[in-house]
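Right, one structure below, let's go through it.
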Amino acid sequence: QVEQVKLLDRFSTSNKSLTGTLYLTATHLLFIDSSQRETWILHHHIAAVEKLPLTTSGCPLVIQCKNFRIVHFVVPRERDCHDIYNSLLQLSRTAKYEELYAFSYNPKQNESEQVKGWQLIDLAEEYRRMGVPNDYWQLSDANRDYKICETYPRELYVPRTASKPIIVGSSKFRSKGRFPVLSYYHKNKEAAICRCSQPLSGFSARCLEDEHMLQAISKANPSNRYMYVMDTRPKLNAMANRAAGKGYENEDNYSNIRFQFVGIENIHVMRSSLQKLLEVSGTRGLSVNDFLSGLENSGWLRHIKAVLDAAVFLAKAIAVESASVLVHCSDGWDRTSQVCSLGALLLDSYYRTIKGFMVLIEKDWISFGHKFSDRCCQLDGDPKEISPVFTQFLESVWNLTEQFPQAFEYNEAFLLQIHEHVHSCQFGNFLGNCQKEREELKLKEKTYSLWPFLLAEQKKYQNPLYNPDFSPDLTLLEPNTVSFNFKFWRNMYHQFDRSMHPRQSLLNLIMNTSEQNKQLEEDIKELEAKIKQRNGQSDVVLEKEQEQTAHPAPMALKSPPCFQKEPPPMPVNDAVRTIEGSNTADNRYSELVSEFSKAEPAVVSLEYGVARMTC
Amino acid sequence: MEFAELIKTPRADNVVLHRPFHLAVEGTLCLTGHHLIFSSRRHDNAEELWLLHSNIDSIDKRFVGSLGTIVIKCKDLRIIQLDIPGMEECLNIASSIEALSTLDSVTLMYPFFYRPMFEVLEDGWSSFLLEQEFELLSSVTNEWRLSCVNKEFSVCPSYPPVVIVPKSIDDDALRKVALFRHGGRFPVLSYYHKKNGMAMLRSSQPLTGTNGRRCKEDEKLVNATLRTGRRGFVIDTRTLTVAQQARAKGGGFEQEVHYPQWRRIHKYIERFNILQESFIKLVEACNDQSHNMDRWLSKLEASNWLTHIKELLTAACLAAQCIDREGASVLVHGSEGTDSTLQVTSLAQIILDPRCRTIRGFEALIVREWLQAGHPFQQRCAQSAYSNSKQKWEAPVFLLFLECVWQIHRQFPCSFEFNEQFLIMLFEHAYASQFGTFLGNNENERAKLKLPQKTMSLWSWVNRPEELSRFQNPLYEANSLVIWPSVAPQSLQLWEGVFLRWNRPSRFLEEAEEERINIIKYNKELQARVNALRRRLAELEAEDEEVQEE
């Protein structure tokens, strides 16, 4: 515990600050300012801690978080600062899985609730929903003991005609043994999305079993015997891989395939792209042109567009040409996961529901071995393995929700919350790099699943504009991917920089109103019942007529108390509406005046820029 | 002049109309004196397109064999293409459109011919008089007076006949001050901040020249707005260098020695051809669907449009901050005081004054701070982003202002009574309209053109309940606070409603907006019903009690 610590405004150039006390707990860093506002930061969220050179007011400490929060403390005594720095370094770097928060987190669920929570998402059920097994596809037990591929799940769906020797042979010809398997089956088109890793083709190697495997996939599609093979890498990268004995499919060796590169960059490019983006967006006193050129130089939106373009290509191949598509990159767990999951999201409206989105993540990301632990740096490991691949997936989805505001059951808060927990290590879902590792860690016994908690408070994540009839079952969502449609996701990268947000949130307002509508409907029923009791039948007829003009409102569940420690940014109360931004200090132009105005305290007349007004 | 002389081919059949994101339609094209009319021939689903000639910014023609193609680019940024069979017809139509869309004389413009099809409930020409404004002001302070010194437009040709000035300054002094200010635009009241009694004045630059000329009356006038012992701020919308250079041409700025109670802040705001070029570049960038991400972002950057937005918002916030936070009076001017000055004063009022965020208040603001204040609409809005004429007086000054309002609107979506459509509608009418409101460059010209007698006011139409309902923001709840927008680049956005309006399918966004409105409406319905039921129940309970008492 250190007192008299200052929390600086990240973007202010006039060094405005809050003074308070800093506490370190076993799991969180806590700052309580003089007006008792709490800032909680989970140790696992800390990406980097930096001690800046001593200043007259104390020792500055900058903490960067994986959820893009950046906090800037000034600790009066250097010794304290040093101690905090060292403790945070230790606390934020975990060496063993068992030390992660998820293993100590206790949400007061009993054992059967815990088990039920883990059973909430059932992938076998999901494959049945898609329509497999069927005449063409079957469940293979080849990987039941993780013997063929350690990073795949136990249950895999393959074409019926793909015998075990073909599977084994194909897996030996594929990087990390990740042979072609079913990711999504499109009932109506009878076409499939399959995924794998790159072939070990080198400059000329062939593998008959692998060729058979692809043929089996194309034969499993009665509507179109041509299939696409999408290599999601840039052509140059794929070619370079040949020198290392890897590479891509030679169209001459495989019958009936159309080979296509789509040019999504690798994890290292993405990592440095995000780094550049954050450097730009974190600049104080940023000009519009520096922002735009920084955005351009980072390449971030170009990458998002590339990912979404690839997904659109995939989805169209299935929906328009009824062709099956095999997707791979190098190892088939980063770009492949992005493209397969986004493609399925465009094809199947189920994935645009809250539950369906959970299923999609469980299937294409968790079960197929996206290396969450490495990519999100859950354990102290190789920094070169870190990459924002999953963040890009969420951002692509966000872009779709912007273009199709009524197509998604979930809202932005849902995406942000998932992103939060991918890094929080509070729940077991995203721990480890593959299913085998998760089983070894006994996560289902020792930790809790995130999904039931999100479902329990799904009211917070519902899109009030959602229209389930927006796109019937299997109609394709066709986003416009012209460059101007892609926007900087402020609410992701500046989620905690409140001064940058709109001061009145349209989403919150509509969500509250929608919620209130349900309450009012209840009230009306209750009142009508009371009146009926008192007054017999006559009046009620009139009320019934009115009811028919009423607009149907979506269903929602009651939410239990939230489990996140921070309160939502906007209070959910319609009597008192909070309007922020009544403090010029929140904004960037305030500096201009402050240089000649010394009587600064008089400027801040309202408490933290939040004026309460009774409507 | 007869329009018929200009129309060699009044009608062409089998014309095909192409619009982005619409199927091509075949139909008949008709030209009238003021409109281009296209109607599809399909009987089941007749479709008509009416386009004002004055809305046409540029026209291109090309031929493939005898099939001519005309590409029409409009001031509202829409682009349509017409395929016209027959070379002669096509040439005739193109030249007619060219002639009709570039009429020299104002009196030939459509507003002079337009006959409204609606009943006029309220004459918009007299809806917003400065006298009414002054009446409101008089109820809170008696430090100001209404001056008719400019009754004949003789003191300042670009000012309205009446202005509000400090009570202690008489008309003779005003005449002297007018001689000391560029174009006679002496400091007048723009806004009075009731909360602390501070005033915002606007004017043009003082004519100090190289020898530092001064005008005691001018000093007296601006000092009359200060509280004893308090400072004021002069916000000069030019850089210090530009202001200094202006002295060589007889202009200048308020020097500290003569205005010791005033602090000068130079906050540069871009003007004229730079703005027009920026506008043209932005529209070009938005219209090219083939740009890859890097190219799009670099084009967006190169247009500098969002930089201008940020600078303008910053200046307006600065003015508002001086008034509200520093408790100081403010004088805003640039050179002429007809462009950047008005942008700053009007935006500052949006931030400070809840009334300006209502529909009527906003209309009043536009009348007061733009039309009466002498923003030369006719010059500035003569052409839009597609024109090749590149006259130096053309500039999207008003559009930039509207976009800044939109940016604030986006940050405070519940604090405005009007919606985005209202702003877009104003943009359209400023460039091409059936109404006379935006014709002429100042009140003097409007009086000479007899616009109030000869044309219909935009406000007469907009303020009819059936029109108004389209422009109302269902989320509006009066917010009496000062609203400070964020000007961080991350908080600013391209105004898609204007710049991408014709470049992408918008159906889903519109439907979502409708749904939002439905949710709000339904809420109001439900609340009304709950209240009615509660009353009914209370009545029944009261009756029961009575029965029991009896």
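Below, read A as the first sequence line, B as the second, and so on, with proteins coming before strands; counting in each chain starts at 1. Side-chain atoms are counted along with the backbone in the values below, which use heavy atoms only and exclude waters and symmetry mates. Just so it is clear, the structure is predicted and the values come from calculations on it, not from any experiment.
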Nearest 0.5 Å, please: how far is CD1 in A:Ile524 from CG in B:Leu533? 6.0 Å
Which region of B:Arg507, side chain (C-beta onward) or backbone (N, CA, C, O), has a non-hydrogen atom less than 4.5 Å from a non-hydrogen atom of chain A, or is it both or neither? neither
Any chance you could measure A:Phe486, atom CZ, to B:Trp296, atom CH2, to the nearest 0.5 Å? 12.5 Å
Taking atom NZ of B:Lys195 as the centre, report whether more than 12 heavy atoms of other residues, nucleotides or ligands fall under 6.0 Å from it. yes
Measuring heavy-atom distances to chain A, does B:Leu500 have an atom under 4.5 Å in its side chain, in its backbone, in both, or in neither? side chain
If only side-chain N and O atoms count, and only distance matters, is there a donor-acceptor pair under 3.5 Å linking B:Thr307 with A:Asn289? yes
Any idea which of B:Leu494, B:Asn292, B:Ile408 has the most non-hydrogen atom pairs under 4.5 angstrom with chain A? B:Asn292
Listed by chain and number, what are the salt bridge (charged side-chain N to carboxylate O under 4.0 Å, His left out) partners of B:Arg295, not counting sequence neighbours? none
First locate atom CG of B:Leu540, then atom NZ of A:Lys532, and finally report the distance between them rounded to the nearest 0.5 Å. 14.5 Å
For A:Pro464 and B:Ile519 the tightest heavy-atom approach is O-CD1, 3.5 Å
Name the member of A:Lys487, A:Glu526, A:Glu402, A:Gln403 that forms the most heavy-atom pairs with chain B at distances under 4.5 Å. A:Lys487
Engaged part of A:Arg302 at the chain B interface, taking heavy atoms whose separation is under 4.5 Å: both
Salt bridge check, A:Lys530 against B:Glu541: does any charged N sit closer than 4.0 Å to a carboxylate O? no
Identify the residues of residues 291-298 of chain A whose heavy atoms come closer than 4.5 Å to a heavy atom of chain B, ordered by number, or report 'none'. A:Phe291, A:Leu292, A:Ser293, A:Leu295, A:Glu296
Segment of B:Gln527 engaging chain A (4.5 angstrom heavy-atom cut-off): both
Report yes if the side chains of B:Arg529 and A:Glu528 come closer than 4.5 Å at any heavy-atom pair, otherwise no. yes
If you tally heavy-atom pairs under 4.5 Å against chain A, which of B:Leu306, B:Asp294, B:Leu509 wins? B:Asp294
With only heavy atoms counted, which part of B:Asp324 is less than 4.5 Å from chain A, the side chain, the backbone, both or neither? neither
Honestly, the part of B:Glu511 sitting under 4.5 Å from a heavy atom of chain A is both
Identify the heavy atoms of A:Asn517 and B:Tyr522 that sit nearest to each other, and give their distance. ND2-CD2, 3.4 Å
Between the side chain of B:Gln490 and the main-chain N/O of A:Ser281, is any donor-acceptor distance below 3.5 Å? yes
Given side chains that start at C-beta, do those of B:Asn523 and A:Gln516 come closer than 4.5 Å, heavy atoms only? yes
Option that, when pairs with chain B are counted at under 4.5 Å, heavy atom only, ranks first among A:Asn485, A:Leu465, A:Asp290, A:Asp523: A:Leu465
Is the shortest side-chain heavy-atom distance between A:Val482 and B:Arg504 below 4.5 Å? no
Heavy-atom pair with the smallest gap, counting every atom of A:Ser499 and B:Ser486: O-CB, 3.3 Å
CG-OG1 distance between B:Leu475 and A:Thr513, expressed to the nearest 0.5 angstrom: 7.5 Å
Straight-line distance of A:Arg490 CZ to B:Ser491 OG, nearest 0.5 Å: 5.5 Å
Indicate yes or no: at least one non-hydrogen side-chain atom of A:Gln504 is less than 4.5 angstrom from one of B:Asn479. yes
Taking it one step at a time, do B:Phe508 and A:Phe470 satisfy ring pair (Phe, Tyr, Trp, His ring centres under 6.0 Å)? CA-CA 10 Å; B:Phe508 301 133; A:Phe470 178 83; 5.1 Å; yes
Would you say B:Met293 and A:His303 make side-chain contact, with heavy atoms under 4.5 Å? no
Does the side chain of B:Arg516 reach to within under 4.5 Å of the side chain of A:Leu506, using non-hydrogen atoms? yes
Could you check whether B:Glu515 and A:Tyr466, counting side-chain N and O atoms only, form a donor-acceptor pair closer than 3.5 Å? no
Interatomic distance, A:Met500 atom CE to B:Leu492 atom CG [nearest 0.5 angstrom]: 10.0 Å
